[in-house]
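Only one structure is covered here, and it is reproduced in the block below.
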Amino acid sequence: MRFSFLRRPAFGVLALSCSVALLPDIADPKAARAEDATELDRMLITAQGRDEPRARAAGTVQVIDTATIRRSSARSVTDLLAENAVGFFSDWTPGQTSFNIRGGATDGQGRDWRSQVTVLMNGRRAGTANLSKLSPDDLDRIEIIRGPASVIYGAQAIGGVVNLVTRSGATEDPGSEITARAGSFGLARGHAANAGSTAGFDHYVGIGGGVSDDYHTPEGQLANTAWKRGGGLAALGFENETVGRIELTLRTDGVYDAGFRGSQWDVDNVDDRRNASLDLAWDTTFGGGLGLSAQAYAVRDVDSFHWGSERQRNGAPGFSVDDNRRQLDVLGLKLAPRLAVDDDTDLLFGIDAETAKLRSDRFRQSVSGGTTSQVPPYDINQDTEDFGVYGEGVHRAFDDALTLRAGARWTYGRVSTRATPNQPLLVERTESWDDVTWSVGAAWAAWPTVTLRAGVATGFRAPTGTELAADFTAVGGGRTFGNPNLDPERSLQYEIGAAHADGPLFLDLALFQNTITDRITTVTTGPDERTYANSAGDAVIRGLELQAAYDIARRLGWDGWTLIARGSGVWNFEMRDKGADAALSGPYTDKLQRMHETQAALGITTGQPGVWSLTTTAVFRGPLYYDTEESLVAGAEPDSRYVHRKGSSWLMNLRGDWFVTEKLTLFAGVDNLFDVNDHPLFIATDTVPSLGDPVSSNGGGTGNSQAGRAAYVGLTYRF
């Protein structure tokens, strides 16, 4: 599994071709209006270990900057990305999510080793794909690479990459900052941070947390939706011309006592999920065009599920306790030398090595309190080792008007299943695999304000120990077995795009086709039994993506005012599943599930810089298709394998900021302004009458809905 080291601005970023709209943001009263801030030849992206003009980029990236993060009321990274139309987010519970980018989906439980989208923290493996357990408070920015990126990042980068870049002393202004807010549903959140630098040393320390009670919907309180959150980050850096930059980052983050209603609407199931890591990074140049980036890291990711299903889907007695604890420990090392061969040619090389240990256990207790047969945990214990080498070259020609780039990677991996609780017949085995991925691309500066680009890229995901050797029983029943003969999943993407920037206006348009082959899916083998298999049919996704920003006030010459419009959207005009399960029914069985056909985020910010601002954000979620896990009332679906078409919905948020002084900012906002009762995924919302079957309910009603209208107030004080 391979992940390259993405450095903070003081470092530059290795091998990331991206597009960034650098419009001023009045959430920061000190924001500048550089006249040429968005011209393509001055918009800097970070690729090949050094800054590059946007005109040389061959791929598409969406960047969520610091100001956008600070302006958001998002309680988690999931909320933040959903507000910016990054992809589909299921938002299962306050502590769990899955998401989909260009047909690549993350695992529903956040297991990054089973995901088709790579989640990084400062350019290395985050250890989780569950973004709901991660807070945005200590993030500097988020970079979303759309499409396969396995040349640089190795396994899992089939649909894209989400890189979370944390704050540091190199990115923050010196001083302290305290932010506090309170709001509906018993919301209370706080965050404190301090940054500074002296004699080449810099530091950043941040700590934060929050609590919320059960939220309300237009139908009333929705039980078991409360959560608690807490975490902190400390970064210490040193930089000079001789040594380069060295940075040590220690962090922890998590969500606790987070309600898990699930598809059976349980009122007493909760999750505890945390993620902690330590990074040591070094970036330097040696002269003669030679440079080096190195990173050593350790990650611990823990998920503790305190579940039960007192009533199974058929109404039969179940289990009052079903606890599953999973711990992933990762150690990794990344080396990336780079060489500027001449003024027109750059080379990047990489060597990555990683070892990981996964351990799980499980205990359950029947409702009766009598003797209970124990079953294996959801994941087979496994040890993995991965090693990858890659290279990428960039060449500029015709007075830098044409940029060509190509790269290739070889990855070797080995997974060993280990003794697992309650699975006495498990045969420990070791399986090895290797894969070669490649990418080529070009960018042509056709006009001073327009760049055209094209590229082809591949990606892959290796089978896991669980998929090779599983034998477990789910909470609501049903047994799943592994398959030792699985092949890796693979993807091939073609993309063409164009970017235009003339100062106040930025546009980026991409047309893509991503084909995913040998998908590892579950198939039914008997009554309440499933196994894993490579799908015989491909998943084909074709779509258009748009990013746009327009500084209207600047265009009209309104000095002293800000009026900025921003937008991003996706239209997946083909999302075909050629290998859909034959047991599915209905007119939509060939549609890829859990991804939107259309999706958009629109925002308008107005105000007077340094005085006040008002931001309105509208999020549009288009149709998606879903074979729901819920038990629905008679007539709601023809059978349990029916693929539903979930319709479109809008969600609107409003936020205002008043910059009382340079030190004090007051803010207030309303989320879900029009009190829309919907859910990104579930079919049965908490309406009356409900589509949910009360026979399957575990005391939490018969539906799931997103939070209704919620207001909040807060302040930020800097000193």
Side-chain angles (χ1 to χ4, degrees), residues 73-80 89-98 107-112 119 121 126-139 164 166 179-192 206-215 221-234 250-262 266-277 299-308 320-329 359-363 377-379 475 698 700 704 707 710 712:
S73 61
R75 72 182 188 275
S76 68
V77 176
T78 295
D79 292 345
L80 182 64
F89 290 85
S90 67
D91 198 16
W92 290 92
T93 73
Q96 179 184 339
T97 193
S98 62
D107 172 70
Q109 285 295 331
R111 294 169 281 200
D112 71 340
V119 178
M121 181 73 69
T128 181
N130 177 16
L131 298 177
S132 288
K133 73 164 64 171
L134 304 176
S135 168
D137 287 340
D138 288 313
L139 295 182
L164 311 175
T166 59
T179 299
R181 75 182 71 198
S184 303
F185 320 136
L187 173 70
R189 286 178 55 188
H191 183 261
I207 186 170
V211 296
S212 178
D213 298 332
D214 295 340
Y215 61 68
Q221 180 175 320
L222 199 63
N224 203 26
T225 55
W227 52 268
K228 300 175 183 176
R229 180 178 297 281
L233 181 145
L250 178 66
R251 53 165 293 281
T252 184
D253 204 354
V255 61
Y256 307 96
D257 293 331
F260 181 82
R261 290 175 56 83
D266 205 298
V267 294
D268 58 6
N269 288 355
V270 295
D271 291 350
D272 292 321
R273 300 173 179 266
R274 62 185 175 89
N275 181 274
S277 60
V299 180
R300 170 163 290 181
D301 190 76
V302 179
D303 289 318
S304 296
F305 316 133
H306 306 288
W307 294 352
S320 57
V321 175
D322 195 336
D323 286 354
N324 197 106
R325 185 182 188 275
R326 178 173 62 225
Q327 179 172 311
L328 174 69
D329 290 306
R359 296 294 183 265
S360 296
D361 55 48
R362 185 176 182 182
F363 173 81
Y378 296 115
D379 297 281
V475 174
N698 280 278
N704 290 296
Y712 62 90

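- Ala258 pairs by the side chain to side chain contact (heavy atoms under 4.5 Å, CB included) definition with Pro94, Trp227, Val255, not counting sequence neighbours.
- Scored by the side chain to side chain contact (heavy atoms under 4.5 Å, CB included) test, Asn698 finds Gln264, Asp266, Ser309, Glu310, Arg311 as partners (sequence neighbours excluded).
- Under the side-chain contact (heavy atoms from CB on, under 4.5 Å) test applied with Arg326, the options Arg359, Gln109, Arg362 reduce to a single match, Gln109.
- Here the shortest heavy-atom pairing between Gly108 and Ser98 reads CA-CB, 3.8 Å.
- Take Asp79 and apply the side chain to side chain contact (heavy atoms under 4.5 Å, CB included) test, not counting sequence neighbours, and it matches Ala74, Arg75, Ser76.
- Within the 4.5 Å cutoff, side-chain heavy atoms of Leu139 are placed close to those of Thr166.
- Smallest separation of non-hydrogen atoms from Gly262 and Asn704: O-ND2, 3.0 Å.
- Without hydrogens or angle criteria, Asp329 side chain to Arg300 main chain gives no donor-acceptor distance under 3.5 Å.
- In this structure Asp361 satisfies the side chain to side chain donor-acceptor pair (under 3.5 Å) test with no other residue, sequence neighbours excluded.
- Within the 4.5 Å cutoff, no side-chain heavy atoms of Asp112 are placed close to those of Val119.
- Ser132 contributes no side-chain N or O that, together with a main-chain N or O of Thr78, makes up a donor-acceptor pair within less than 3.5 Å.
- Side chains of Val270 and Asn224 form a contact here, defined as non-hydrogen atoms less than 4.5 Å apart.
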Q: Please assess Val299 against Asn275 for the test side-chain contact (heavy atoms from CB on, under 4.5 Å), listing each intermediate value before the final yes or no.
A: CA-CA 7 Å; Val299 180; Asn275 181 274; 4.2 Å; yes
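- Residues Ser212 and Ala226 share a closest heavy-atom pair of O-CB, 3.1 Å.
- Evaluation of the salt bridge (charged side-chain N to carboxylate O under 4.0 Å, His left out) rule for Arg251 yields no partner, not counting sequence neighbours.
- By the ring-ring contact (aromatic ring centres under 6.0 Å, His included) test, Phe185 pairs with His216, sequence neighbours left out.
- Two residues are said to be in side-chain contact when any heavy atoms from C-beta on lie closer than 4.5 Å; Ser135 and His191 fail this criterion.
- Residues passing the ring-ring contact (aromatic ring centres under 6.0 Å, His included) test with Phe260 are Trp307, sequence neighbours excluded.
- Val267 pairs by the side chain to side chain contact (heavy atoms under 4.5 Å, CB included) definition with Ala223, not counting sequence neighbours.
- Other residues, nucleotides and ligands place no more than 12 heavy atoms under 6.0 Å from the CD1 atom of Ile207.
- Between Asp301 and Lys133 there is a side-chain heavy-atom pair separated by less than 4.5 Å.
- With sequence neighbours left out, the salt bridge (charged side-chain N to carboxylate O under 4.0 Å, His left out) criterion links Arg325 to no other residue.
- Looking at Asp379, its side chain never comes within 3.5 Å of a backbone N or O of Ser360 through a donor-acceptor pair.
- Partners of Asp272 according to the side chain to side chain donor-acceptor pair (under 3.5 Å) rule, which considers only residues two or more places apart in sequence or in another chain, are His306.
- Under the rule for a salt bridge (charged side-chain N to carboxylate O under 4.0 Å, His left out), the partners of Arg273 that lie at least two apart in sequence or sit in another chain are Asp271, Asp303.
- Under the salt bridge (charged side-chain N to carboxylate O under 4.0 Å, His left out) criterion, Arg189 pairs with Asp137, sequence neighbours left out.
- How far OG of Ser277 is from CG of Leu233: 8.0 Å, rounded to the nearest 0.5 Å.
- In plain terms, the two heavy atoms of Tyr712 and Leu187 that are nearest each other are CB-CD2, 4.4 Å.
- When all heavy atoms of Lys228 and Asp257 are compared, the pair lying nearest together is NZ-OD2, 3.4 Å.
- In terms of heavy-atom proximity, Leu328 sits nearest to Gly127 at CD2-O, 3.6 Å.
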